[in-house]
**Q** 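Structure incoming, see below.
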Amino acid sequence: MNLLKLIFRFEWKQFIAQPLQLALLFFFILLGGYSLYTGGHFVEQQLRGLDTLQRNQQRQFAELIQRFDSDTSTIEGKNLAVQAGLPQVIEYRASPIATNPPAALALMAIGQRDILPSYDIVNSKRDFFTPPNTAIANPEKLAAGNFDLSFVLIYLIPLLIIVLSYDLFAREKEQQTDRLLHLHGGSLRRILFYKLLFRLGLLWLLLMTFNGIGLMMAPPIPKDGVDFLLWNLATLIYLLFWFVLAWMVVLRGSSSRKSVLLLMGIWLGLTIVLPALCNRLVALKQPLPLRTELVSKQRATMLETWEMPIPQIVEQFYNNNLQYVPLRRPTDTAQYGNKRFVAYYDLLGRRMDKNIRAYQQEAQLHQRWLDRTSWLNPVTQMQSLLNEIAQTGLGDYLHYQGDVARFQHRWVLHMNGFLLRDAKLSKEDLKHLPQFSPSTDPGRISSIAWKIAGILFLTLAVWAIAAKMRPMEKKY
């Protein structure tokens, strides 16, 4: 313990006495601060857009309620009173909105929230052809990704570890500390381990500070302490992985030039080469389905369904919805009747839902293949892990889309009850319309735990390899 304190004290004095290392650390602090600012700005902008959308929807809804009390002494008032409670008007003026707001940690790992829709407008005639409701952005920036804290942690912090660790053994040889320790029976291996431990503690404190600042910068939305603990645990294990890699290279006893080249080669392989190869293999094995193909298929489905004979559409509607059979009338096949349109949109929705399920199954299969290949690489595993903790990945969006589909089904059933009876909604009915409420993915925590275990396993595997290395002893 005395040796540990002595080395820590010496390393601290040596660290603050080197302007280059202080400048490098300060540079990384600036990068971390900028990444938090970028993430915070993005999340704030998205929340502001969702808030504006909800306020507009509430204003439209209040206007619909006011129509029940319109002044019927004027022509305009009479028209508003006649339209009050009509299901078609309600859906046109104030369709419900399903929102997918960012979680508290989204500012630290933006993930795919910049390219995936953050809300859906739901009605019985849901529009499948509009593009994702995301802000217009530079395509090159979208392809490169966001400069958030996860980017700094995953790609840049390992470079800092390499710079701080590559010359540990060479420095001991230059100062001839290795020979002195050998003469006195000391252990250079332990000395180097304590030096790396000091650097690990320094960077861990730095990242803990960034994580704490990120949590404080989070907008006033519910914060989950479990997610924050998982984020810190993942950060620590990832740091351990890169320090164990540095420890293994240092134990080789090579020169500083060979050590830095080897570490940089490992960094390039894990951050660029291996992910590119895995993505290419997954794209060949299970490509991500294109939304343009889905839109084209949906448009063809819409035209095909519209051209079907009206009696055939009505017949299929009652076959699929036996609860409405008592409402069946000979006039159901009227060209502009409510039941004709309800039957059309019911059949169209069923056919479109089939296309969407096929699209989402392909997307989920693509994501599963990415998860499988990520087990080979702690870098891609860490990226997926942080996105899952921050709830900004493709899997989180697909779960949200499932909630939207279930809510739309509830909404259609509710509105059909009025449309099929040619009935209006009362003022009280408007106050009890179905509301969207997101659900929690039951498998999310277990998935996060497995990914943390995967990175920990790779770290222990590298540590086991390093524990068997004893080439330094041959140098004496």
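Values below: all heavy atoms of this structure, side chains included; hydrogens, waters and symmetry mates excluded. When a residue number appears, it is its place in the shown sequence, counting from 1.
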**Q** Enumerate, atom names and distances included, each donor-acceptor pair closer than 3.5 Å involving a side-chain atom of residues 96-103, sequence neighbours excluded.
**A**
none

**Q** Side chains of D227 and Q391: closer than 4.5 Å at any heavy-atom pair?
**A** yes

**Q** Taking the side chain as every heavy atom from C-beta outward, state whether P117 and Y397 have any atom pair closer than 4.5 Å.
**A** yes

**Q** Any side-chain heavy atom of T333 within less than 4.5 Å of one from R340?
**A** no

**Q** Please check: side-chain N/O of R199 versus main-chain N/O of L164, any donor-acceptor pairing under 3.5 Å?
**A** yes

**Q** Does any part of the side chain of L107, heavy atoms only, come nearer than 4.5 Å to the side chain of L36, both counted from C-beta?
**A** yes

**Q** So if I apply the side-chain hydrogen bond (donor to acceptor under 3.5 Å, both in side chains) rule between D51 and each of R55, R48, Q54, which one comes out positive?
**A** R55

**Q** Applying the side chain to side chain contact (heavy atoms under 4.5 Å, CB included) test to W242, which of V462, L263, L159, L270 qualifies?
**A** L270

**Q** If only atom types and distance count, is the side chain of E362 paired as donor or acceptor with the main-chain N or O of L288 below 3.5 Å?
**A** no

**Q** Locate the shortest heavy-atom distance separating Y238 from P378; write the atom from each residue and the value.
**A** CE1-O, 3.9 Å

**Q** If you define the side chain from C-beta out and look only at heavy atoms, does anything of N416 sit under 4.5 Å from Y345?
**A** no

**Q** Distance to the ring centre below 6.0 angstrom and angle to the axis at most 45 degrees; does that hold for R421 and F418?
**A** yes

**Q** Under the side chain to side chain donor-acceptor pair (under 3.5 Å) definition, can you give me all pairs with a residue in residues 430-442, not counting sequence neighbours?
**A** H399-S439, D403-S439

**Q** Check whether any side-chain heavy atom of D353 sits under 4.5 Å from a side-chain heavy atom of R357, and report yes or no.
**A** yes

**Q** Work out which heavy atom in A234 is nearest to a heavy atom in L386; give both atom names and the distance.
**A** CB-CD2, 4.3 Å

**Q** Which donor-acceptor pairs under 3.5 Å do the side chains of residues 203-217 make with protein atoms, sequence neighbours left out?
**A**
{"unit_1": "T209", "atom_1": "OG1", "unit_2": "L205", "atom_2": "O", "d": "2.8"}
{"unit_1": "N211", "atom_1": "OD1", "unit_2": "W231", "atom_2": "NE1", "d": "3.0"}
{"unit_1": "N211", "atom_1": "ND2", "unit_2": "L207", "atom_2": "O", "d": "3.3"}
{"unit_1": "N211", "atom_1": "ND2", "unit_2": "N232", "atom_2": "OD1", "d": "2.7"}

**Q** Please identify each residue that fulfils ring pair (Phe, Tyr, Trp, His ring centres under 6.0 Å) with F42, with sequence neighbours left out.
**A** none

**Q** A side-chain contact here means heavy atoms from C-beta on lying under 4.5 Å apart; do W247 and L192 qualify?
**A** yes

**Q** Could you tell me which residues satisfy side chain to side chain contact (heavy atoms under 4.5 Å, CB included) with N279, sequence neighbours excluded, listed by chain and number?
**A** L370

**Q** Looking at residues at least two apart in the chain, or sitting in another chain, which of them share a side chain to side chain contact (heavy atoms under 4.5 Å, CB included) with L240?
**A** L200, L236, T459

**Q** Before accepting this row, confirm whether a basic side-chain N of the pair K297/E304 lies closer than 4.0 Å to the acidic partner's carboxylate O.
**A** no

**Q** Regarding Q112 and D396, do their side chains bring together a donor and an acceptor under 3.5 Å, going by distance alone?
**A** no

**Q** Please indicate whether R372 has more than 12 foreign heavy atoms, meaning atoms of other residues, nucleotides or ligands, lying under 6.0 Å from its CZ.
**A** yes

**Q** Given side chains that start at C-beta, do those of L460 and L456 come closer than 4.5 Å, heavy atoms only?
**A** yes

**Q** Do you know the tightest heavy-atom contact between D148 and S150?
**A** OD1-OG, 2.8 Å

**Q** Please report the closest heavy-atom contact between L251 and A466, naming both atoms and the distance.
**A** CD1-O, 3.4 Å

**Q** What pair of heavy atoms forms the shortest contact from W375 to W450, and how long is it?
**A** CH2-O, 3.1 Å

**Q** If you compare all heavy atoms of I389 against all heavy atoms of R444, which two are closest, and at what distance to 0.1 Å?
**A** O-NH2, 2.9 Å

